[in-house]
Amino acid sequence: MAMSCNGGLVVTFASPTSKVCMNTSISCSSSHLSIPSPNEHSNDSTSNNSTFSYSRASPSERWPHLQIQLAETYPLSQTHFSPTSPQLTHVVKEAELSLESSKSETLEVSDETQEKLGRVSKTRVKKMSKLALKRAKDWRERVKFLTDRILGLEQDQFVADVLDDRKVQMTPTDFCFLVKYVGQENWQRALEVYEWLNLKNWYSPNARMLATILAVLGKANQEILAVEIFTRAEPAVGNTVQVYNAMMGVYARNGRFQKVQELLDLMRKRGCEPDLVSFNTLINARLKAGAMVPDLAIKLLNEVRRSGLRPDIITYNTLISACSRESNLEETMKVFDDMDSHNCQPDLWTYNAMISVYGRCGMAYKAEQLFRDLESKGFFPDAVTYNSLLYAFAREGNVDKVKEICEEMIEMGFGRDEMTYNTIIHMYGKQGQHELGLQLYKDMKLSGRSPDVVTYTVLIDSLGKANKIKEASNLMSEMLDAGVKPTVRTYSALICGYAKTGMAVEAEDTFNCMRKSGEMVRDGFTPDNILYEVMLQALTKENKVEEIKMVVGDMKELCGMNLQTVSSFLVKGECYDLAVQMLRLGISNGEALDDENLLSILSSYSSSGRNKEACELLEFLKEHTEGPSKLITEALVVVLCEACQLDAALKEYSNARESGSFSRSSTMYESLIRCCEENKLLTEASQIFTEMRFCGVEPSECIMKCMIRVYCKMGFPETAHCLINQAEVQGLLLDNSIIYVDVIEAYGKVKLWQKAESVVGNVRQRYMNVDRKIWNALIQAYAASGCYERARAVFNTMMRDGPSPTVDSINGLLEALVVDGRLSEIYVVIEEMQDMGFKISKSSILLMLDAFAEAGNLFEVKKIYSGMKAAGYFPTMHLYRIMIRLFCKGKRVRDVEAMVSEMEEAGFKPDLSIWNSMLKLYSGIEDYKRTAQIYQQIIEAGLEPDEDTYNTLIIMYCRDRRPEEGLSLMHEMRKVGLEPKLDTFKSLISGFGKQELLEQAEELFNDLLLKGYKLDRSFYHTMMKIYRNSGNHSKAENLLSMMKKAGVKPTIATMHLLMVSYGSSGQPQQAEKVLANLKEIGLNLTTLPYSSLINAYLQNGDYNVGIQKLMEMKMEGLEVDHRIWTCFIRAASLSQHTSEAIVLLNALRNAGFDLPIRLMTEKSELLFSELESCLDKLEPVEDSAAFNFVNSLVDLLWAFEHRATASWVFQLAVKKNIYRHDVFRVADKDWGADFRKLSAGSALVALTLWLDHMQDASLQGYPESPKSVVLITGTSEYNMVSLNSTLKACLWEMGSPFLPCKTRSGLLVAKAHSLRMWLKDSPFCLDLELKNAPSLPELNSMQLIEGCFIRRGLVPAFKDITERLGLVRPKKFARLALLSDEKREKAIEADIEGGKEKLEKLKSKVGSKRTRVVKQLRKRKFIRRPLSNPN
């Protein structure tokens, strides 16, 4: 909607005729608007046409103890309302009071007297003498009579028409009051009276009249006219302290401190000594000229004292009110303390200002406390007091308290005035309660109060913010209809409202209307900064370039802004390019850089994210600014931090630090430290903080908080705690529970829960209530150390005193139990929490599941998982990851596959960590085909294999005896920038060794040495084993010198390997030399090297020498331990004759260990308890002592047909956790078995027991078809015995349905149906009970042949069948093995001949079929076909 307006230039002595244009589409949304407090002066109020009464502003009511008798009873009913500032009012009032005659007395004028004076007399008034006129007490009636007539003149009438009539006789003092009272309503008429008087010859100008007219013009903001009148005044009149004070008051109103200072100097130069009013005016001007700096108030007071004057209550009130206006509590208290120390008694105005500053600083409770203490200080609150207190609580939005104060105010007889209404309306506006604000506005008008410009501006602003444009427009119309003239703030709010709603045209029209009206400029106002900013933003959005240039022109011409200031506003208005042009042009033209404008530009750049442009601008300024600029350097560091260019920021900071070209501001350090923290450069942040403290820069609250977090993350909670203490001493407010939570959590992580307790104790002493987060952090600190009882005590405290516990509290209790290893108590705590009414959350369930998963308890994990799903909690990706990782760790293949399927059905895709877990699973169970499939799925899913992926695959190739492919994959891994782990290299070397690829193993080992890898002792031991197995004993010896050169000290274990190497090669004498060298070196020998030497002789069949070495060991003071036991028992289990075994076992008996020989020869139940006690002693011993001992013992018992005893020992080992519990789990319907890591005898015992259990299951129809049953044998050897070969020989002899797996080595597979039938029908399965032989056999029942531990009677048949027929099916093997030698010979010959005939028939059949196909092709007709389809 277009706007129209009329405006004209200001004409001297003419009344204004301009009007503010009417527009119903007016709105505002000014964010800069703030309602003035009761002690704040508003210049805008001087431009109001509508007036209202505010009689309580009278000094006689403000300072009743002074008993001031005022002569201004007439104008009080017509005083313009404005929340006046104390210092201005006091100064002006003091000046005005000084003009009044000391003989003037207050006179109550009756209506009759006024009518008599006002009636036109038909006769000439009798002239009074000067003395009689001076003594007359009716001067008020005379002044009022002329004042009313002058103010009642029309525009075309003149003051001279009234004064020339001389209806009333006046004294010079009366004319002074006449000018004053007329000026309060119309400064033009007052100036006309003054000029009329100066034109009369009978009137002699005096200082009092000059001071009066200057005061009138000063109030009307007519500085130019005041300066002209002051300049042309006669020296005799103008050179008085009253006139100077009045002129200084004119300058002071506009904050022109420099002019006031010049005038004060001129007074002294002309010999006119300034008085206290002069200095009060000077102070007022300084406080209006700019913001207060620290200790400014005290400096001004000292300046007054240096002039020989004593500051009075007006001086102090001026300073305190200025501090209140800036919400500067610190300076306020300094002034108040100075006032008290100099015995200047505060008055009501002082306390009102103190209440105001408390309210402005957000300390409403202090304001109320001072308010309640007023009566005890001898004062009663006035309306300003109540309004100040009201403002304090309204600022906090405390509606209830505001209502309470209003009610008390009314009860005290004050009632709501305009300031009261404005304060409450503004409060409702900030809270968005616009309806309440409008209702209060209506109540205000109904109560007889006249809304002023502040009322309308506040309402329009709040409505504009709420996008209620129509209501705001209607309110603006009401404002104009009421004759209230909008101020620049009203226009600003209106334009901001239009801009916010995107109504750029209306915003521009309103701005033009404001410019054309001329009201603001004529009255001494200019559009404020926010208005220009909003206008530029609106015009920028509409891309109106010409209009932007017009606004820029106004900023330069109307406001006198330089190019840098204009640039700042352009940046805020998002006109970035033009802004930079202006600034660069200004700098290029030689303008000095304005620091505030530069900071404003950089701030706007930062808020809009244009950090790159900010950096370019700063680089330009560095080049075009003479000398080093500390501000530019610091700003560049800050901007680089905000642009996330931390490296460049640190470099700039380093250069600045070296050159010393930065100041001691904390802003730069704050940005650097915060940026370092965000980028996790904690050490750098600590270094910068240290340098800051070294330079004497006091850290801000933000820096302290940041560094507390940094030290907590670095694991230095003590340092963080120290910073908190320092901050509290320095008065920095750290009332942030997160800070204390961080410190408590950091103490918990380093297990210093006692210090975490002290932090909480300090918090409890400082605050009444402890935050819930702090309690939870303390519970977590206890949990980290497993202190469940202490955590539970805190939980109980929260239940008793509050705040109530949360899910985090419960999780802390559960975690404490987990850390303390008390998993069995978790369910008890869960039940207690449920009884208290707590619902167990998903996070608690996940915590329990994590704990049991970490403990490897598959049963509990599955139970918790099922319960969670039943409770309606859906699994997350994290949960699936935990479950799959656990199942993979437990080698639960089917569970893993089921979980992956469930996850995919739920919409989740396996991530790389899940695939890696599955890779390790299938690689661990040697299902290499499935491992390759998983890798292919990773590639198909578009995932990039990581280090774990490649390492797992390489180890898989090594286990699958394909180290060459593993080496190739390692090269591929390095091409993509990944480096294998040292364990991977070790696996490759070991893999090459197993494949007897000695050269490749050596090459890889040497390559690692050349590349500088620091290899540990295990690498050298691996290579030593390879050399041992390959028979290169000299190279094994060379490894010892290589180890020493590399700084790896050989140990007894190293020498043990070398001795084992000699022993396995049949050179026990060389092993004995190694032992002799060890003795010469003086090492403290253990039984390990002796066991190696004894084992070497025993393996070589030199039993007597082995026994001799045992005796030598005992003579040297070494006790026989598990290693020696195992050597002799293993040798006995492999001995051919029973007598040899007895000799070896007797040697052990003679050495002090008779349990094995007694198990072989005695039948006493006491042996079992002794064996159990022995195993208990061996369990904690390292080197798998119990495991190796049981393996050798079971081998011995099985070999000499004590198989029931062997079974009992096996089951005891399972019970003692020496053997795994999951060797077989038929009771859990897990039909497979895993015999890996068992000795040959233990595996045969386990196989027999498993077959017995499976036979029972087969009678019940298990396992069901079409499932297959898998036996895991593995491919590794244990003491040169192949478990796979041993179990295959046993099962083949029995004619079982098991066959080798075609895809994986180390697996035997049988179909479920075939296994059931075999278990039921096979004669080998009729009696699977393990029994002891009645007596020891003469020979060992087992024989070791080519790594296979088989029945001695089966050896000839086994050799015959395998050498001539190779690997045959179990049934065929069993049939051939049962035949006599002659029949088996014939059967094998027949089988060989049958195979040859079958091969010949197959060849002939293939040849005839090929001939037949060729003939058929020849008989076919040849038909040429077209190359392409013509259609």
Requested in this report: Evaluate the ring planes of Y1020 and F1005, with Trp represented by its six-membered ring, and classify them as parallel (under 30°), tilted (30 to 60°) or perpendicular (over 60°).
Outcome: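 Y1020 vs F1005 ring planes: perpendicular.
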Query raised in the report: Using 30° and 60° as the class limits, which term best fits the ring planes of W1250 and F1235: parallel, tilted or perpendicular?
Result: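 The arrangement is perpendicular - the two ring planes meet at more than 60°.
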Any donor-acceptor pair under 3.5 Å linking the side chain of [X] with the backbone of [Y]?
| X | Y | value |
| --- | --- | --- |
| T952 | D948 | yes |
| H1137 | L1339 | no |
| S1285 | S1282 | no |
| S1135 | A1132 | yes |
| H1253 | L1251 | no |
| S1091 | L1088 | yes |

[X] bridged to [Y] by N-O distance under 4.0 Å:
| X | Y | answer |
| --- | --- | --- |
| E1363 | K1359 | no |
| D1234 | R1220 | yes |
| D1176 | K1216 | yes |
| K981 | D983 | no |
| E1201 | K1331 | no |
| E1072 | K1109 | yes |

Query - F1019 six-ring centre to K986 NZ/CZ under 6.0 Å and within 45° of normal - result: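 Positive - K986 is close enough to the ring of F1019 and near enough to its axis.
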Requested in this report: Give the C-alpha distance, both sets of side-chain angles, the deciding distance and a yes or no for side-chain hydrogen bond (donor to acceptor under 3.5 Å, both in side chains) between N1095 and Y1090.
Outcome: CA-CA 8 Å; N1095 193 54; Y1090 277 101; over 6 Å; no
Query - Contacts of D1121 that satisfy salt bridge (charged side-chain N to carboxylate O under 4.0 Å, His left out) - sequence neighbours left out - result: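 If we apply the salt bridge (charged side-chain N to carboxylate O under 4.0 Å, His left out) test to D1121, skipping adjacent residues, the hits are R1123.
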